Amino acid sequence: MATTTSTQMVPLDFIERKIYLIRGCKVMLDSDLAELYHVPTKVLNQAVRRNLGRFPADFMFQLNGEELKNWRSQTVTSNSGVKMGLRRPPYAFTEHGVAMLSSVLSSKRAVELNILIIRAFVRLREYLSSHTDLARKLEDVERTQYEHGSHIQQIYGYIDRLMEPPPEPPKRRIGFGPPEDIEE
C-alpha cells in the first residue's frame with residue numbers, strides 16, 4: 001500500500017521521539033497523536049470515549065498526577081497556573097491502542113499514519129532488544145569486576161598479615177634466680 005505525500009512528510013524519527021516510557025510501557029500521548037492525525041486533541045479523545053470498549057487498560061490509560069508532573073518536567077508544556085493549554089492529564093496509548101485508533105478514526109490519514117507509528121514502535125523494540133545484549137554483557141563485566149575486587153581485597157588482607165612483625169616469643173631468664181622461680 002503506497003502512502004500519500006501527506007504521511008510521507010512525517011519522518012519515522014519524529015514519531016519515535018513522541019514515544020515515551022510510562023508505567024513500563026512504550027506509549028504515545030493523545031496530543032501527539034492528534035497532532036499527527038491533524039485533528040484537535042478534543043476530537044480524538046471524544047472518539048475514544050465513544051468507543052471505550054475498544055480501549056482496555058493495556059491499550060490506553062490516563063496519566064496520574066505524579067506521571068503528569070514527571071512528564072511536564074521533561075517537556076515544555078503550558079503553565080498549570082494559567083487557564084490555557086493542558087487542563088487534564090493526557091491519555092497514553094500503547095502500541096495496541098494506537099492500532100485500535102485506526103478503527104475509531106477512520107480517515108485515510110489515520111490509517112496510513114498508524115502504519116508508520118506501528119513501524120516506529122517495532123523499530124524501537126528492535127533497537128532496545130539489541131541493546132539488552134549490551135546491557136547483559138555490561139552486567140557480566142560489572143559482576144566479574146566485583147568478584148575480582150573482593151579477591152584483591154582478600155589478597156591485601158593476607159599481605160597486611162604477612163607484613164606484621166611476628167609476635168615476640170616469651171623471654172626466658174638466663175642465669176640463676178631465687179628458688180621459687182624454678183619450674184618443676
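What you are looking at is a predicted structure, and each value in this text was computed from that prediction instead of being measured.
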For Lys26 against Phe121, the heavy-atom pair lying closest together: O-CE2, 3.4 Å
Please examine the side chains of Glu112 and Leu116, heavy atoms only from C-beta on, and report whether any two atoms are closer than 4.5 Å. no
Leu29 and Tyr91, any side-chain heavy atoms less than 4.5 Å apart: no
Exercise: identify the closest heavy-atom pair between Asp30 and Pro90: OD1-CB, 3.2 Å
Note: Pro56 and Gly53 closest approach over all heavy atoms is CD-O, 4.4 Å
Side-chain touch Val43/Tyr37, heavy atoms, less than 4.5 angstrom: no
Between Glu67 (side chain only) and Ile22 (backbone N and O only), is there a donor and an acceptor less than 3.5 Å apart? no
Using the salt bridge (charged side-chain N to carboxylate O under 4.0 Å, His left out) criterion, which residues pair with Asp160? Sequence neighbours excluded. none
Please report the closest heavy-atom contact between His38 and Arg109, naming both atoms and the distance. NE2-NH2, 3.1 Å
Output yes when Arg123 and Asp13 qualify as a salt bridge under the 4.0 Å nitrogen-oxygen rule, no when they do not. yes
If every non-hydrogen atom of His96 is compared with every non-hydrogen atom of Phe59, which pair is closest and at what distance? CB-CE1, 3.5 Å
Side chain to side chain contact (heavy atoms under 4.5 Å, CB included) between Asn114 and Ile117: does it pass, once the steps are laid out? CA-CA 5 Å; Asn114 275 3; Ile117 292 169; 4.2 Å; yes
Are the side chain of Thr94 and the backbone of Met60 linked by a donor-acceptor contact shorter than 3.5 Å? no
Taking all non-hydrogen atoms of both residues into account, name the closest pair between Val104 and Val48 and its distance. CG1-N, 4.2 Å
Hey, are the side chains of Arg23 and Leu63 touching, using non-hydrogen atoms and a 4.5 Å cut-off? no
Backbone N/O of Leu44 and side chain of Arg49: donor-acceptor pair under 3.5 Å: no
Applying side chain to side chain contact (heavy atoms under 4.5 Å, CB included), run through Leu36 and Met28 and close with a yes or a no. CA-CA 11 Å; Leu36 289 169; Met28 290 187 75; 3.7 Å; yes
Less than 4.5 Å apart, side chain to side chain, heavy atoms only: is that true for Ile15 and Lys18? no
Trace of the side chain to side chain contact (heavy atoms under 4.5 Å, CB included) decision for Ile19 with Val27: CA-CA 5 Å; Ile19 299 174; Val27 297; over 6 Å; no
If we only count heavy atoms from C-beta on, is the Tyr158 to Tyr156 side-chain gap below 4.5 Å? no
